[in-house]
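See structure below.
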Protein chains: 2
Amino acid sequence: MYKYSIGDLARAAATKVQTIRYYEETGLMPEPMRTAGNQRRYDETALNRLSFIRHSRQLGFSLDSIKALLHLTDNPDQSCQQANQIAVEQLVEVESRIARLNDLRKELVRISQSCKGGTMADCKVIETLSEHSLCDCS
Amino acid sequence: MYKYSIGDLARAAATKVQTIRYYEETGLMPEPMRTAGNQRRYDETALNRLSFIRHSRQLGFSLDSIKALLHLTDNPDQSCQQANQIAVEQLVEVESRIARLNDLRKELVRISQSCKGGTMADCKVIETLSEHSLCDCS
DNA sequence: CTTGAACCTACAGCTACTGTAGAATTTGCA
DNA sequence: TGCAAATTCTACAGTAGCTGTAGGTTCAAG
Ligand SMILES: [Zn+2]
Ligand SMILES: [Zn+2]
Ligand SMILES: [Zn+2]
Ligand SMILES: [Zn+2]
């Protein structure tokens, strides 16, 4: 039943051992069973929870958002509106990051195209990097 | 000549006072003149340098990259190849971030569309958030 | 039963700032 | 000139989300 050591869990969820302990410290993962010798032992439920956390992290959710989502799932009678709201907020956030990065990309293209080779004295890269007036970046 | 207090400089470059002191600590900004009462006083050169740093930061360059760029400009006889290389690396980095965020966006859309309202027990948001198998995210 | 891998706690360090405390200085106004 | 308010000074702690290290203990294979 409690078959996973912390290292097993780490391997199974592609995480570092310290990260799991960190999640426990910060209340994202519950305190697991311990062996007589004080080592952590986990079950399938813990693995599912950790996988959920890791995947949400890969999607860019903050630990606070993940904590909120996990809290909501612990109360299955609640409306799912809040959970969906968190997802939508994350979507909005990702979309605005994309928009911003697209602006940056444009500017970086302009900057690297301004280099025609030569010495620093002649090169326009630094100069162009200084000119905020020509750019859209916030 | 040395007309700017640290607060003036902060206002002029849209920075916080502490950030300027931090840049000084970490060697990005040189140590400025001081008044008899030990307060920092800056000139136009310092403002230019700070503006360069701030704009580069907005473009996503790390402080290390900025330090390298500043070091290169201090040696105007050098080839500009390294400077351009730093800019191109940053461009590549930004492009890969955009690509990744586009994947995330797709997945977040899928997730938020899976919610049809109801209770947490019925809602597919959490479930879909757990399913890494259906997604492209690394 | 030994040995080496994995585990334990506790703490420091990473990036790039930001905030705070408590003291000193500067500045504007009467 | 005098005084209060704003600004500055240093030093240090805190933020997110881990990651790495030291020094010691426990587990599992042979
Ligand atoms: Zn060039
Ligand atoms: Zn710009
Ligand atoms: Zn729902
Ligand atoms: Zn995914």
Side-chain angles (χ1 to χ4, degrees), chain A residues 2-29 31-42 46 49-50 52-70 86 89-90 93 97 100 104 138, chain B residues 2-29 31-42 46 49-70 89-90 93-94 97 104 138:
Chain A
Y2 294 101
K3 46 191 167 182
Y4 300 116
S5 73
I6 196 167
D8 294 338
L9 204 69
R11 256 184 308 281
T15 321
K16 305 240 165 171
V17 164
Q18 294 104 305
T19 304
I20 298 173
R21 289 198 277 249
Y22 173 71
Y23 288 161
E24 184 182 325
E25 260 179 57
T26 53
L28 275 163
M29 290 290 289
E31 291 185 15
M33 298 287 117
R34 300 277 186 147
T35 63
N38 200 36
Q39 298 195 356
R40 292 169 178 82
R41 286 298 177 270
Y42 296 93
R49 196 176 176 100
L50 181 58
F52 174 84
I53 295 170
R54 294 278 40 185
H55 190 217
S56 303
R57 286 294 298 137
Q58 289 190 340
L59 291 168
F61 288 88
S62 70
L63 293 186
D64 273 357
S65 294
I66 296 171
K67 203 174 285 185
L69 288 169
L70 285 167
I86 291 171
E89 273 166 18
Q90 181 62 19
E93 164 73 20
R97 265 194 258 168
R100 175 159 161 69
L104 298 191
S138 60
Chain B
Y2 292 101
K3 46 189 168 181
Y4 301 117
S5 72
I6 195 167
D8 295 338
L9 205 70
R11 256 185 307 281
T15 321
K16 305 240 165 168
V17 164
Q18 294 104 306
T19 304
I20 298 173
R21 288 199 278 250
Y22 172 71
Y23 288 161
E24 185 182 326
E25 259 180 57
T26 53
L28 276 163
M29 290 291 288
E31 292 185 13
M33 298 288 117
R34 299 278 186 146
T35 64
N38 200 36
Q39 297 195 357
R40 292 169 178 82
R41 287 297 177 271
Y42 297 93
R49 196 176 176 99
L50 181 57
S51 302
F52 174 84
I53 295 170
R54 292 296 346 179
H55 190 216
S56 303
R57 284 294 298 137
Q58 290 189 341
L59 291 168
F61 288 88
S62 70
L63 293 186
D64 272 357
S65 294
I66 296 171
K67 202 174 286 185
L69 288 170
L70 285 168
E89 272 166 17
Q90 181 62 17
E93 164 72 20
V94 163
R97 264 193 260 169
L104 299 191
S138 61

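Labels below follow one simple rule: chain letters A, B, ... track the order of the sequence lines, proteins then strands, and each chain is numbered from 1.
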Quickly work out the [X] [atom1] to [N] [atom2] distance and round it to whole Å.
{"X": "B/R34", "N": "C/dA24", "atom1": "CZ", "atom2": "P", "answer": "16 Å"}
{"X": "B/D8", "N": "C/dT27", "atom1": "CG", "atom2": "C1'", "answer": "12 Å"}
{"X": "A/E31", "N": "C/dC8", "atom1": "CD", "atom2": "P", "answer": "12 Å"}
{"X": "A/I6", "N": "C/dA6", "atom1": "CD1", "atom2": "P", "answer": "13 Å"}

Min side-chain heavy-atom separation [X]-[Y] under 4.5 Å:
{"X": "A/I86", "Y": "A/F61", "answer": "yes"}
{"X": "B/R57", "Y": "B/L63", "answer": "yes"}
{"X": "B/T15", "Y": "B/Y22", "answer": "no"}
{"X": "B/E24", "Y": "B/R40", "answer": "yes"}

Exercise. Of the non-hydrogen atoms in A/K3 and A/D8, which two are nearest, and what is the gap between them?
Worked result: O-OD2, 3.8 Å

For this session: Inspect the contact between A/E25 and A/R21 and indicate whether a charged nitrogen and a carboxylate oxygen are less than 4.0 angstrom apart.
Result: no

Exercise. Along nucleotides 15-30 of chain D, 5' to 3', which nucleotides get a B, which get an S, and which get a -, given that the test is a protein heavy-atom distance under 4.0 Å?
Worked result: --BBBBB----SS---

For this session: Have a look at A/R11 and say if it touches a base, only the backbone sugar-phosphate, or nothing, with a 4.0 Å heavy-atom cut-off.
Result: nothing

For this session: Report the residue (A/S5 or A/E25) whose heavy-atom-nearest nucleotide on DNA chain C is the more 5′ of the two.
Result: A/S5

